[in-house]
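Residue numbering restarts at 1 for every chain, and letters A, B, ... go by the order of the sequence lines.
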Amino acid sequence: EAGVAQSPRYKIIEKRQSVAFWCNPISGHATLYWYQQILGQGPKLLIQFQNNGVVDDSQLPKDRFSAERLKGVDSTLKIQPAKLEDSAVYLCASSPVQGGKETQYFGPGTRLLVL
Amino acid sequence: GEDVEQSLFLSVREGDSSVINCTYTDSSSTYLYWYKQEPGAGLQLLTYIFSNMDMKQDQRLTVLLNKKDKHLSLRIADTQTGDSAIYFCAESNKDNDMRFGAGTRLTVKP
């Protein structure tokens with residue numbers, strides 16, 4: 001079974017530029033998550049999708065971050081404009097259903113450096 | 001908000017047992033997890049335990065849960081150099097909202 005795919009793996013941009021990350025979850029997984037992992041910290045949830053609907057985006061800085069999952073499969077996370085403090089690893093995860101014990105499976109992450 | 005706390009570093013000798021500890025505050029946690037993260041890689045699920053269990057063993061891994069004290073531990077028997085990584089404790093509630101600790105960096109010395 002293929003895992004969660006993310007691209008790009010690395011991205012370096014200057015502050016105030018825009019950047020987009022892509023995630024392809026495990027086939028059949030209804031729930032998709034985007035996490036931000038700042039160096040030395042655990043992952044922090046940014047947004048959770050159930051199919052193509054947003055379940056939780058309470059921690060998403062909506063003035064600069066946006067995410068979509070139009071067809072309920074792939075998802076993109078965008079930052080516009082980026083700030084220095086956005087430097088982090090952005091992890092995508094998926095799980096079969098929402099709620100219960102369903103484990104979240106993580107992709108390798110996109111490492112973003114904002115200069 | 002609810003917190004998950006872990007010690008940041010642990011160093012052991014190859015062949016010894018490692019014990020990584022975690023405390024959490026959310027009394028509505030339903031599942032608790034241990035993830036492993038190697039350099040440049042995503043999080044790999046090692047094991048998880050339901051909140052009404054107190055122990056789970058899987059090969060070299062033993063998870064102990066003290067729900068009363070909200071304390072979770074991961075014991076790795078016969079620790080190998082390949083076990084060197086960052087280990088994250090996480091808990092989830094009935095809505096599958098997950099909270100992670102900051103991670104414990106395990107260093108295994110030959």
Side-chain angles (χ1 to χ4, degrees), chain A residues 1-10 21 23-26 29-50 54-60 88-113, chain B residues 1-9 20-26 28-53 56 58 63 65 72 74 85-106:
Chain A
E1 178 184 77
V4 177
Q6 290 188 248
S7 68
R9 292 297 311 277
Y10 305 92
F21 313 130
C23 172
N24 186 3
I26 292 173
H29 279 195
T31 309
L32 185 147
Y33 310 80
W34 282 102
Y35 288 87
Q36 180 192 59
Q37 186 180 16
I38 293 173
L39 187 65
Q41 298 181 18
K44 183 187 81 170
L45 180 69
L46 292 175
I47 189 168
Q48 176 183 343
F49 290 95
Q50 176 78 4
V54 175
V55 173
D56 182 0
D57 64 355
S58 56
Q59 300 298 312
L60 189 73
V89 177
Y90 290 85
L91 295 167
C92 180
S94 70
S95 65
V97 295
Q98 181 193 6
K101 73 160 183 66
E102 295 301 337
T103 301
Q104 296 182 26
Y105 296 86
F106 285 81
T110 296
R111 191 175 296 273
L112 173 67
L113 179 60
Chain B
E2 306 293 355
D3 279 331
V4 179
E5 303 269 347
Q6 303 177 236
S7 52
L8 293 181
F9 302 99
I20 304 171
N21 293 301
C22 170
T23 57
Y24 60 98
T25 59
D26 187 357
S28 67
S29 295
T30 52
Y31 288 90
L32 296 114
Y33 306 81
W34 284 104
Y35 282 85
K36 176 183 180 183
Q37 188 176 39
E38 295 181 273
L43 277 72
Q44 173 197 354
L45 178 68
L46 287 179
T47 186
Y48 66 91
I49 187 169
F50 187 45
S51 59
N52 70 352
M53 298 170 62
K56 181 178 181 180
D58 183 2
V63 178
L65 174 61
L72 182 75
L74 173 69
I86 301 176
Y87 290 80
F88 289 93
C89 169
E91 55 92 11
S92 67
N93 58 19
K94 61 178 175 56
D95 296 322
N96 213 20
D97 297 329
M98 290 189 72
R99 291 180 193 82
F100 289 83
T104 299
R105 183 180 296 274
L106 174 65

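- For Leu43(B), the parts sitting under 4.5 Å from any heavy atom of chain A are the backbone and the side chain alike.
- Interface remark: Gln37(A) contributes side-chain atoms only to the contact with chain B (heavy atom separation under 4.5 Å).
- Between Tyr35(A) and Met98(B), the shortest heavy-atom contact is OH-CB, 3.8 Å.
- Between Tyr35(B) and Pro43(A), the closest side-chain pair of non-hydrogen atoms is not below 4.5 Å.
- For Ser29(B), the side chain to side chain contact (heavy atoms under 4.5 Å, CB included) test picks out Tyr24(B), Asp26(B), Glu91(B), with sequence neighbours left out.
- In this structure, no portion of Gln44(B) lies under 4.5 Å from any heavy atom of chain A.
- Listed by chain and number, the residues in a side chain to side chain contact (heavy atoms under 4.5 Å, CB included) with Thr104(B) are Gln6(B), Ser7(B), Leu10(B), Ile20(B) (sequence neighbours excluded).
- Contact count against chain A (heavy-atom pairs under 4.5 Å) is highest for Ala102(B) among Ala90(B), Ala41(B), Ala102(B), Gly101(B).
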